[in-house]
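Please read all numbers here as calculations on a predicted model, not as lab measurements. When a ligand or atom number is given, it counts from 1 through the structure's own listing order.
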Amino acid sequence: MVTAIRAGWLWDGTGSAAIRDGVVLIDGERIVAAGRAAAVSVPSDAETVDRGGEFLMPGLIDAHTHITIIPGQGNQVGQLMQPIERQTMRGVGNLRRMLRSGVTTARIMAEEHWLDVTFKDEIERCTVIGPRLNICTRAITQSFGHGRALSAFDGVDEVRKAARENLYHGAEFLKLFITGGVSSTRGGGIKAASYSREEIRAAVEEADRAGTYVAAHAIGGPGIRLGVEEGIRPIEHASMATDEDLALMKERGAWAVLTEAILFHPTGIEQGDRDNPFIMAKLHDARAAAPERLKAIVASGVRYSVGTDSMHGLLPFEVAKLLDWGASSTDALLAATKWAAECIRMEDKIGTLEPGKLADVISVDGNPLEEITALERVKLIVKDGKRYERLSEV
Ligand SMILES: [Zn+2]
């Protein structure tokens, strides 16, 4: 079954400018053509979907999020330790919110109870509505590390064992915590390096052996350099990276995955942990220091993408924030499409509207290249060629 989606604007995410009167031709789950309506030959028996003056673009990619956490409810690590049925129910709503906001692929940065494996499976069976998931199963963190929920791994052998177990259960990449973080009550400060060089190296070796990679939570401090030197490429958050860190990241081709909604949006940590003075002090410091560093990241030439870090539905906010740090609107859209696909190593399947790619397409009301908040007005969502319209709020 061939479908032709027409609209007033088409931005294919390849780096080309947006064009007027575009069409995306979809056969089953794949794109067969995308371009000017006058230049694409549409089969006579194709179903035509006319989106009027809307703006067609690739489905959004959330390069860093979680399924079951809601930061505004506070104590994020505690949420990961709640009964499995409670987490599952929260997850169903969160996944729906993600898809509704135009996110067609989400990279999930750790869950407990192998819930990301189950959700990925059920979404593929269409029993649960949500984006396509790219998963890492459990976080690998140490006993005194940020993000420690139900398990912790110390020493080279335990890190190796955790990596192999995660891969066995279906991890598509590995997630390591190599510095402290904002939303934890333990872990020795945001910049504390939490794994040794040898432990980091063990994880990278295991990922290499399995043909995949390690992504590391790293806010700042010595952990960033340690991780990048040992071969870690996506550095998650990176909001306190120094100029020296950025020079090394650029030289080694490391990515920065920026996650600012959780830090700056009023429904993020500010709401969830307002009664915890220790976390509030860390939040205050991070908010004061991050903007200058984020501007440095955008100006540095280090490649970047974006993630909501569980602020489900707020990827448009995340993209708009990039403009505050000096990104152009084109670069901001690329960070949530083509660049995000490259960052999560799925660029052969998603990220642009090109023949052969999976048919992940959204339409928005307005031109986000001229007015970035148009991205909040998602109208049509197509994932794997399947159309989702009027998804209700949950
Ligand atoms: Zn996270």
Inset, instruction - Kindly state whether the ring of Phe264 and the ring of Trp325 have centres lying under 6.0 angstrom apart. - result: yes
Legend entry - Option passing side-chain contact (heavy atoms from CB on, under 4.5 Å) with Asp273 (candidates Leu283, Val182, Ile279): Ile279
Legend entry - Sub-2.8 Å protein N, O or S atoms surrounding the Zn ion (ligand 1): His64 NE2, His66 NE2, Asp309 OD1
Inset, instruction - Could you tell me whether the side chain of Arg293 and the main chain of Ala241 form a donor-acceptor pair under 3.5 Å? - result: yes
Inset, instruction - Evaluate the criterion ring pair (Phe, Tyr, Trp, His ring centres under 6.0 Å) for residue pair Tyr304 and Trp255; output intermediate values, then yes/no. - result: CA-CA 5 Å; Tyr304 58 87; Trp255 288 82; 8.3 Å; no
Legend entry - Salt bridge Lys175-Glu111, side-chain N to carboxylate O under 4.0 Å: no
Legend entry - salt_bridge(Glu371, Arg377) N-O dist < 4.0 Å: yes
